[in-house]
Amino acid sequence: QVQLVESGGGLVKAGGSLRLSCAASGFTFSTYAGGWFRQAPGKEREFVAAINWSGDTTNYADSVKGRFTISRDNARNTVYLQMNSLKPEDTAVYYCAAGGGPRPYADEYGSWGQGTQVTVSS
């Protein structure tokens with residue numbers, strides 16, 4: 001079975017940091033781009049960050065540039081999202097995904113995790 005499982009979410013104060021992990025099973029994640037998306041209550045799912053299969057190309061939403069860093073460890077079949085300087089507007093359920101390229105379009109990703117909640121208090 002193809003599965004992606006996010007972990008690392010939680011409650012943090014504004015200005016704090018969290019690291020999210022996305023562990024893949026049932027397929028070789030290293031052959032796919034990895035993406036992070038998020039969805040806040042009442043809002044559309046939005047792109048956060050993406051990384052290509054080798055880890056040498058990354059893309060970020062303007063809202064998180066300079067604060068978030070996406071990385072991957074292909075030996076561990078895992079993609080990470082380091083989130084620093086968190087703001088209340090970062091509060092959302094964060095989803096990881098596997099796709100054909102590090103692009104900001106959700107419909108280009110074919111496999112999704114179930115999400116992990118990130119809550120940032122003011």
Side-chain angles (χ1 to χ4, degrees):
Q1 291 183 317
V2 174
Q3 290 188 331
L4 294 171
V5 179
E6 302 95 338
S7 62
L11 176 64
V12 65
K13 294 183 181 296
S17 298
L18 286 172
R19 176 177 287 182
L20 306 184
S21 298
C22 176
S25 62
F27 72 106
T28 302
F29 206 174
S30 62
T31 64
Y32 295 88
W36 286 97
F37 293 76
R38 66 188 182 187
Q39 188 167 22
K43 296 185 177 180
E44 292 283 316
R45 186 170 298 187
E46 67 174 345
F47 170 74
V48 176
I51 188 166
N52 76 334
W53 67 271
S54 63
D56 61 357
T57 301
T58 57
N59 290 315
Y60 296 94
D62 288 342
S63 60
V64 306
K65 285 181 179 178
R67 299 189 298 121
F68 291 11
T69 302
I70 188 169
S71 62
R72 69 190 306 159
D73 185 341
N74 286 334
R76 297 181 178 180
N77 223 27
T78 301
V79 171
Y80 304 94
L81 184 69
Q82 178 68 44
M83 305 185 295
N84 298 326
S85 301
L86 283 162
K87 304 175 180 179
E89 51 263 47
D90 295 317
T91 295
V93 176
Y94 283 70
Y95 299 88
C96 68
R103 293 164 60 83
Y105 309 112
D107 60 4
E108 296 187 3
Y109 293 80
S111 184
W112 293 82
Q114 65 182 351
T116 186
Q117 177 71 48
V118 172
T119 302
V120 184
S121 63
S122 61

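Only this structure's heavy atoms are used, side chains among them; waters, hydrogens and symmetry mates stay out.
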Heavy-atom side-chain proximity of Trp112 to Arg45 below 4.5 angstrom: yes
Ser122 side, atom OG; Lys87 side, atom NZ - distance, nearest 0.5 Å: 14.0 Å
Distance-minimising heavy-atom pair for Leu4 and Ala98: CD1-N, 3.7 Å
Within one Ile-Leu-Val-Met-Phe-Trp-Tyr cluster: Met83 and Ile51, side-chain cutoff 4.5 Å: yes
Closest approach of Leu86 to Arg67 (non-hydrogen atoms, all atoms of both residues): CA-NH1, 3.9 Å
Residue pair Tyr94 / Glu6, side-chain heavy-atom distance below 4.5 Å: no
Check ion pair Lys65-Asp62 (N to O, under 4.0 angstrom): yes
Gln3 to Phe27 - nearest heavy-atom pair and separation: O-CE2, 3.9 Å
Note, Asn84 side chain near Ser17 side chain (heavy atom, < 4.5 Å): yes
Single-linkage hydrophobic cluster, 4.5 Å side-chain cutoff, Tyr80 and Val48 together: no
Derivation of the side-chain contact (heavy atoms from CB on, under 4.5 Å) call for Val2 and Phe29: CA-CA 10 Å; Val2 174; Phe29 206 174; over 6 Å; no
Single-linkage hydrophobic cluster Ile70~Leu18, side-chain heavy atoms < 4.5 angstrom: yes
Flag if over 12 foreign heavy atoms under 6.0 Å of CD, Glu89: yes
Between OG on residue Ser21 and CD on residue Gln82, distance to nearest 0.5 Å: 9.5 Å
CH2 on Trp36 to CZ on Phe47, rounded to 0.5 Å: 12.5 Å
Ser111 and Tyr32: CA distance, side-chain angles, deciding distance, side-chain contact (heavy atoms from CB on, under 4.5 Å) verdict: CA-CA 10 Å; Ser111 184; Tyr32 295 88; over 6 Å; no
Closest non-hydrogen atom pair, Tyr109 against Gly99: CD2-N, 3.5 Å
Result of checking Asp90, Thr91, Thr116 against Arg38 for side chain to side chain donor-acceptor pair (under 3.5 Å): Asp90
Exercise: identify the closest heavy-atom pair between Val79 and Arg72: CG2-CB, 3.9 Å
Spacing of Leu20 atom CG and Leu81 atom CG [to the nearest 0.5 Å]: 5.0 Å
Single-linkage hydrophobic cluster Val120~Tyr60, side-chain heavy atoms < 4.5 angstrom: yes
Straight-line distance of Cys22 SG to Asn77 CG, nearest 0.5 Å: 9.0 Å
Over all atoms of both residues, closest heavy-atom pair of Gly16 and Val12: CA-CG2, 3.8 Å
